[in-house]
Asks: 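Mind having a look at this structure? Questions to follow.
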Protein chains: 2
Amino acid sequence: MVYQKVNVPRLADAIMEQLESQIIEGVLKPGARLPAERVLAEQLGVSRPSLREAIQKLVAKGRIISRQGGGNYVSDQLETAFSDPWEQLIRQNTALHGDVLEFRRAIEGVVASMAAERATDADLAHLKDLIGKLRRAYEGEDLAAQSAADVAFHQAVAEASHNVLFAHLVSSLLHMLHKNIEDNIANLFASGPVAGTLLEQHEAVWQAIENRDPVAARAASEAHIDFVAKTMAHFRDERERRDRAQRRLAGV
Amino acid sequence: MVYQKVNVPRLADAIMEQLESQIIEGVLKPGARLPAERVLAEQLGVSRPSLREAIQKLVAKGRIISRQGGGNYVSDQLETAFSDPWEQLIRQNTALHGDVLEFRRAIEGVVASMAAERATDADLAHLKDLIGKLRRAYEGEDLAAQSAADVAFHQAVAEASHNVLFAHLVSSLLHMLHKNIEDNIANLFASGPVAGTLLEQHEAVWQAIENRDPVAARAASEAHIDFVAKTMAHFRDERERRDRAQRRLAGV
DNA sequence: TTTGTAAATTGGTATTACCAATATTTGTTA
DNA sequence: TAACAAATATTGGTAATACCAATTTACAAA
C-alpha cells in the first residue's frame with residue numbers, strides 16, 4: 001500500500017511563505033528594506049542560515065534583491081513571473097540564445113512549408129490582410145505596432161499549418177522573443193533599410209504560401225530568421241562597442 | 001555620471017548556475033540523484049551552507065526536489081513542462097492525435113538530420129550501445145523494456161543534435177506519448193514482424209547518422225514515424241471491429 | 001561646507017555540531 | 001530459507017558561531 005506522502009514542514013519554506021505573503025499583501029512594499037538578517041532571524045525566532053535559505057529562494061523567484069553590505073530589498077517586481085516553460089528556460093540562460101535561433105529557424109521553416117501545402121482560401125485572405133497591416137506598420141514609426149504585426153503574421157502562418165501543436169509552439173516562442181526584443185533592442189526594426197528588408201522577407205513567405213510552394217516557403221522563412229539573427233548579432237556588437245567607448249570617455 | 005553596475009560574483013549563484021546548466025544540458029538527467037551535500041560541497045570546494053543556498057534556489061525554481069534523509073534529485077520538470085499544456089488538450093480531443101503524430105514526424109526528422117551533421121564519436125558510441133539494447137529488448141517479451149529502450153534511443157538522437165531545446169522538446173513529447181498511449185496499445189510492440197520492422201527502422205536511422213547523411217537520417221526517421229502511425233491506426237481499427245462484433249453478439 | 005577616514009552595519013562564506021527522516025544492514029524469528 | 005524487526009549508517013534540516021567583504025554612517029579635519 002502506498003501511503004500519501006507525508007507533508008514534512010520545512011522551516012525555510014515556512015519563512016519564505018510568510019515573507020512572500022507579506023510582500024504580496026503589501027505589508028512589505030516594493031523597494032522597502034527588510035530588517036537586517038541577524039535582527040529578522042531573531043524576530044522570527046529562527047537561525048540566520050535558515051532565514052538566509054528562505055531569502056535565497058525569494059531571490060531566485062525575483063521577489064527580493066540583496067546587496068552585500070547594503071541590505072535586502074523587496075524587488076520592484078518588474079519581472080513578471082514566467083508561466084511559460086520556454087520562457088523560464090531561456091530568459092536566464094543566455095548561453096542558449098544560439099540554440100533558440102536555430103530552433104526557431106527549423107520550426108518556422110517546417111511550419112511555412114506545411115502552410116503552403118494546406119492553407120485554405122480563408123487562411124490566404126487572412127495572411128494577405130496581415131501583410132497589409134505589416135506594410136503600414138513598417139511605414140510608420142510605432143514600434144509596438146510593428147512588433148504586434150510581426151507576431152500576428154508569424155502566428156497566422158503557424159495557424160495555416162493546421163496543426164495545433166505547431167501553432168501553440170510558435171505562439172509561445174514568439175511571445176517570449178518579442179517580449180525580449182521590446183526590452184532590449186527596441187529600435188532594431190526602426191531603421192529604414194532593415195524595415196524594408198524585413199517587409200520583403202515577410203512578403204516572400206506570403207507569396208510562397210500563396211503559390212502553394214512548400215520548398216520556397218521554407219527557404220523564405222529560413223532566410224528571414226537568418227537575417228533576424230544576423231541583425232540582432234550586429235546590433236549587439238554595436239551596443240557593446242558603444243558601451244566600451246562610453247566607459248573609456250568616463251575614464252573608468 | 002552613471003557608472004556600470006559592479007558585478008559582485010556571488011558564490012551561491014555561481015554554484016547554482018553550474019548545477020543548472022548541467023541539468024539543462026542533460027549531464028544531470030531527470031530523476032538522477034545528486035551526491036550527498038557534504039560530498040558535493042567538498043567536490044566543488046565550497047562550504048555546505050553555500051551549496052545549500054544554491055540548492056534551495058534550484059528547489060525554488062523547481063529544478064530540484066530534495067527529501068530529508070533521502071537526497072537531492074533532479075526534477076522531471078523539463079520532461080513534462082513543455083508537453084503538459086498539450087496533454088490535456090489531446091486527451092479530450094482524439095481528433096488531434098493526427099496532429100501529434102505529424103508534429104513528432106517533423107520534429108524527429110529535423111532532429112535526426114541535425115544529429116547526422118553533428119554527432120560526435122561519443123554520441124555515435126552511445127547510439128550504437130542503445131541500438132544493442134533495443135535489439136535485445138525486441139528479442140525478449142518485456143514490453144516495458146522495449147518501450148524504455150525505444151524512448152532512450154530517440155532521446156539520444158535528439159541529444160546528438162546538440163540543441164538543448166530540441167532535446168527537451170523530444171524528451172517531453174516522448175514521455176507524453178508513452179504515458180498516454182502505452183496503456184492502450186502496448187502490445188503494438190509485441191508481435192514478431194512489427195518488432196522486426198521497428199528494429200530495422202531504428203537501425204536505418206542509426207546507420208544514416210553514423211554515415212553522416214542528414215537526408216537519409218531524416219527520411220529514415222520520417223519513415224519510422226509513418227510506420228508507427230500506420231500500425232497504430234491499424235491496431236485501433238482492429239480493436240474497434242472486435243468491439244463492434246462483441247456488442248453485436250451481446251445483443252446490444 | 002566639503003572631504004576624507006575610521007567605525008559600525010550588513011550581507012557573504014565557512015566551520016562545526018546536532019537533529020530528524022530515510023535507507024541499509026543485520027539479526028532474529030517463524 | 002524467507003520474512004520481519006531492530007540497529008546502524010547515511011543524508012538532508014536546523015542551529016550557533018566566527019570571520020570576511022562591501023556598504024553605509026559618523027565624525028573629524030581642511
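Throughout, protein chains are lettered first and strands after them, A, B, ... in sequence-line order, and every chain is numbered starting at 1. Note that this is a predicted model, so its numbers are computed, not measured. All values below were derived from every heavy atom in this structure, side-chain atoms included, with hydrogens, water molecules and symmetry-related copies excluded.
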Asks: How close or far is atom P of C:dA14 from atom CZ of B:Arg38, stated in whole angstroms?
Replies: 16 Å

Asks: Any pair with a residue in residues 115-124 of chain B that passes salt bridge (charged side-chain N to carboxylate O under 4.0 Å, His left out), sequence neighbours left out, goes on the list, sorted by first then second residue, please.
Replies: A:Glu102-B:Arg118

Asks: Just by distance, no angles: are the side chains of A:Gln92 and B:Lys61 close enough, under 3.5 Å, to form a donor-acceptor pair?
Replies: yes

Asks: When we call it a touch if two heavy atoms are under 4.0 Å apart, what does A:Arg67 touch: a base, just sugar-phosphate, or nothing?
Replies: sugar-phosphate

Asks: With nearest nucleotide decided by heavy atoms, which residue, A:Ile15 or B:Gly71, maps closer to the 5′ end of DNA chain D?
Replies: B:Gly71

Asks: If the cut-off is 4.0 Å, is B:Asn72 near the phosphate of D:dG12, judged by side-chain N/O to OP1 or OP2?
Replies: yes

Asks: Expressed in angstrom and rounded to an integer, what is the separation of B:Leu34 atom CG from D:dG12 atom C1'?
Replies: 12 Å

Asks: My understanding is that only residues two or more places apart in sequence, or in another chain, count here; which of them pass side chain to side chain donor-acceptor pair (under 3.5 Å) with A:Arg105?
Replies: A:Glu222, A:Asp226

Asks: Counting only non-hydrogen atoms, which of residues 48-60 of chain A are less than 4.0 Å from DNA chain D?
Replies: A:Arg48, A:Pro49, A:Ser50

Asks: How long is the line joining CG of B:Leu44 and C1' of C:dA14, in whole Å?
Replies: 15 Å

Asks: Just how far, in rounded Å, is C1' of C:dT13 from CD of A:Gln68?
Replies: 9 Å

Asks: Expressed as a whole number of angstroms, how long is the span from B:Met16:CE to C:dG12:P?
Replies: 14 Å

Asks: Need to verify one output field. Residue with the more 5' nearest nucleotide on DNA chain C, B:Val46 or A:Ala36?
Replies: A:Ala36

Asks: Quick check on the 6.0 Å ring-centre criterion: do B:His178 and B:His154 meet it?
Replies: no

Asks: Give the ring-plane orientation class for B:Tyr138 versus B:His202, where under 30° counts as parallel, over 60° as perpendicular and anything between as tilted.
Replies: parallel

Asks: For the pair B:Arg91 and B:Glu87, find out whether any cationic side-chain nitrogen is under 4.0 Å from an anionic carboxylate oxygen.
Replies: yes

Asks: Looking at A:Lys57 and B:Glu53, does any basic side-chain N land under 4.0 Å from a carboxylate oxygen?
Replies: no

Asks: Without decimals, in angstroms, what is the distance between A:Ile64 CD1 and C:dT10 P?
Replies: 16 Å

Asks: Starting from P on C:dT13, measure out to CD on B:Glu37 and report it in whole angstrom.
Replies: 16 Å

Asks: C:dT15 P sits how many Å from B:Leu11 CG, rounded?
Replies: 11 Å

Asks: For a quick test of reading the model: is some side-chain N or O of A:Arg10 closer than 4.0 Å to OP1 or OP2 of D:dG13?
Replies: yes

